[in-house]
Protein chains: 2
Amino acid sequence: MLTVNGLSKAARITPDAVRHYVRIGLLVPSRDPKNGYRLFDDEALKRARFIRRAKGLGFTLQDIQTIFSYADNGRSPCPEVRAIIQQRIAENRAGVMEQGELLERMEDALERWKSMPDGEPDGDEICHLIESVPLAR
Amino acid sequence: MLTVNGLSKAARITPDAVRHYVRIGLLVPSRDPKNGYRLFDDEALKRARFIRRAKGLGFTLQDIQTIFSYADNGRSPCPEVRAIIQQRIAENRAGVMEQGELLERMEDALERWKSMPDGEPDGDEICHLIESVPLAR
DNA sequence: TCCTTGCCTGTGTGCGGCACCCAGGTTCTA
DNA sequence: TAGAACCTGGGTGCCGCACACAGGCAAGGA
């Protein structure tokens, strides 16, 4: 049986993360009757490692909850897992696109600003560099 | 003088965002003594539009606070603005890289899973699809 | 035996940038 | 004069933790 620290080392996650997972119900420890410490069995270790893996694949903690509840009810989570990851891939692609466009705008701005002087405050504009940038959308 | 809704339309941001900016001190309204309504002058409108622009360039609200405080003290924010955007560009590049790597892992996993059957719960593994993925790092 | 060190506990707050909801007061429109 | 549409403050929720506080408990050395 492992304590929070023990589990955190065995599963290579922080102790704070372990406590967080317990709080939201992802991990369910037993308690040491002597002192109230959280105690984790092998099943919990397996779960903690699973969480690490799944997070590394872009699953949210909510997704992982869902997966666990399938497994707990004796049903295969695999079809859900396939569906979820397709969803997350789509979101991630959209996110990367968006960030990429932002990055481009930032780089364009910085480039354009190279040939512009710093402005002095004149009560009319706040920062002419930023105000020189065309509005997105 | 504009109310929350008026300002939100003139600056093309949501009323909730306007209230949020007031709460964190980015916009400072006067008050209608009759009813306590927030009232925004032209200066506030200019600021609200500036916020929209700056956010579109990747500046955080904190960054914008900083920029305003320069302007309010009669100093040019431009050097800071150049420094901040370089910082944000670096962060964004790192973020895009990270997300890109995640996306790749997700796509690889989905691809690999195409030739794998759904598992049935056996009390030993939670989801063999996820557990078949090598641990990142 | 006492002291230190290093675990552990619960609870609460903070991060970013809002979105949404509630209950109630006010103002505009038909 | 009624109802719609606005306004107010205050609170909560999102995501995934990180950090802090105050205190309890365990194991070691001097």
Side-chain angles (χ1 to χ4, degrees), chain A residues 1-40 44 47-48 50-66 68 84 87-88 91-92 95 98-99 102, chain B residues 1-40 44 47-48 50-66 68 84 87-88 91-92 95 98-99 102:
Chain A
M1 297 292 266
L2 298 162
T3 65
V4 167
N5 226 4
L7 180 67
S8 80
K9 278 168 187 152
R12 315 234 287 137
I13 51 188
T14 69
D16 271 324
V18 171
R19 278 186 271 267
H20 181 60
Y21 298 156
V22 171
R23 260 196 253 204
I24 64 175
L26 263 187
L27 295 176
V28 181
S30 55
R31 295 286 178 164
D32 187 330
K34 286 198 294 295
N35 49 29
Y37 287 12
R38 282 171 268 239
L39 292 178
F40 300 92
R47 282 191 178 220
F50 184 91
I51 293 170
R52 195 162 114 78
R53 238 175 245 273
K55 269 176 50 65
L57 270 177
F59 290 87
T60 68
L61 299 183
Q62 262 300 329
D63 293 339
I64 297 168
Q65 283 277 35
T66 303
F68 283 170
I84 293 172
Q87 175 72 19
R88 299 287 166 255
E91 289 166 7
N92 203 333
E98 212 170 312
Q99 280 227 30
L102 171 58
Chain B
M1 297 292 265
L2 297 162
T3 64
V4 167
N5 225 4
L7 180 66
S8 80
K9 279 169 185 153
R12 315 234 289 139
I13 52 189
T14 69
D16 270 324
V18 171
R19 278 187 271 265
H20 182 59
Y21 298 157
V22 171
R23 261 193 248 200
I24 64 174
L26 263 188
L27 295 175
V28 182
S30 55
R31 295 285 177 164
D32 187 329
K34 285 197 296 295
N35 49 28
Y37 287 12
R38 282 171 268 242
L39 291 178
F40 300 92
R47 283 192 177 220
F50 183 91
I51 294 170
R52 195 161 114 79
R53 240 175 242 272
K55 269 175 50 66
L57 271 176
F59 290 87
T60 67
L61 298 183
Q62 264 298 331
D63 293 338
I64 297 167
Q65 284 275 35
T66 304
F68 283 169
I84 293 172
Q87 174 74 16
R88 298 289 166 255
E91 290 167 7
N92 203 333
E98 212 170 312
Q99 280 227 29
L102 171 59

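Predicted model, so just to flag it, every value in this text is computed and none were measured. Per chain, numbering begins at 1; letters A, B, ... match sequence-line order. Every heavy atom of this structure was used, including side-chain atoms; hydrogens, water molecules and symmetry mates were not.
No more than 12 heavy atoms of other residues, nucleotides or ligands lie within 6.0 Å of CD in A:Gln62, so this atom counts as exposed by the packing criterion.
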Nucleotide by nucleotide, nucleotides 23-30 of chain C touches protein heavy atoms under 4.0 Å in the pattern (B base, S sugar-phosphate only, - none) --BSS---

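Mapping B:Asp16 and B:Leu61 onto DNA chain C by nearest heavy atom places B:Leu61 at the nucleotide closer to the 5' end.
For residues 20-31 of chain B, proximity to DNA chain C is found at B:His20, B:Tyr21, defined as any non-hydrogen atom under 4.0 angstrom from a strand atom. A heavy-atom distance below 4.0 Å to DNA chain C is reached by these residues of residues 2-10 of chain A, ordered by number: A:Thr3, A:Val4, A:Asn5.
One finds no side-chain N or O of B:Arg19 lying less than 4.0 angstrom from the OP1 or OP2 phosphate oxygen of C:dC18. The side chain of A:Thr14 contributes an N or O atom lying less than 4.0 Å from OP1 or OP2 of D:dA18. In terms of phosphate contacts, B:Arg38 brings no side-chain nitrogen or oxygen within less than 4.0 Å of OP1 or OP2 of D:dC7.
Counting all heavy atoms, side chain and backbone alike, B:Phe40 lies closest to B:Val18 at CZ-CG1, 3.8 Å. Summarising the geometry of A:Ala44 relative to A:Leu27, their closest heavy-atom pair is O-CD2, 3.9 Å, with the distance given to 0.1 Å. Closest approach of A:Ile13 and A:Arg52 over heavy atoms only: CG2-CD, 3.9 Å. Scanning all heavy atoms of the two residues, the minimum distance from B:Leu102 to A:Leu57 falls at CD1-C, 3.8 Å. The shortest heavy-atom contact between A:Met1 and A:Ser30 is CE-OG, 3.4 Å.
Atom CG of B:Leu39 is separated from atom C1' of D:dC7 by 11 Å (rounded to the nearest Å).
Direction of the helix axis in the helix from C:dT1-D:dA30 to C:dA30-D:dT1 shifts by 20° between the two five-pair termini, rounded to 10°.
Taking A:Tyr37 as the reference, A:Asp32, A:Asn35 meet the side-chain contact (heavy atoms from CB on, under 4.5 Å) condition, with sequence neighbours excluded. Evaluation of the salt bridge (Lys or Arg N to Asp or Glu O under 4.0 Å) rule for A:Arg53 yields no partner, not counting sequence neighbours.
Side-chain atoms of A:Leu61 and A:His20, non-hydrogen and from C-beta on, do get closer than 4.5 Å to each other.
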Just do the side-chain contact (heavy atoms from CB on, under 4.5 Å) check on B:Phe50 and B:Leu26 with the steps written out, would you?
-> CA-CA 11 Å; B:Phe50 183 91; B:Leu26 263 188; over 6 Å; no

### Steps toward side-chain contact (heavy atoms from CB on, under 4.5 Å) verdict (A:Arg88, A:Glu91)
CA-CA 5 Å; A:Arg88 299 287 166 255; A:Glu91 289 166 7; 2.9 Å; yes

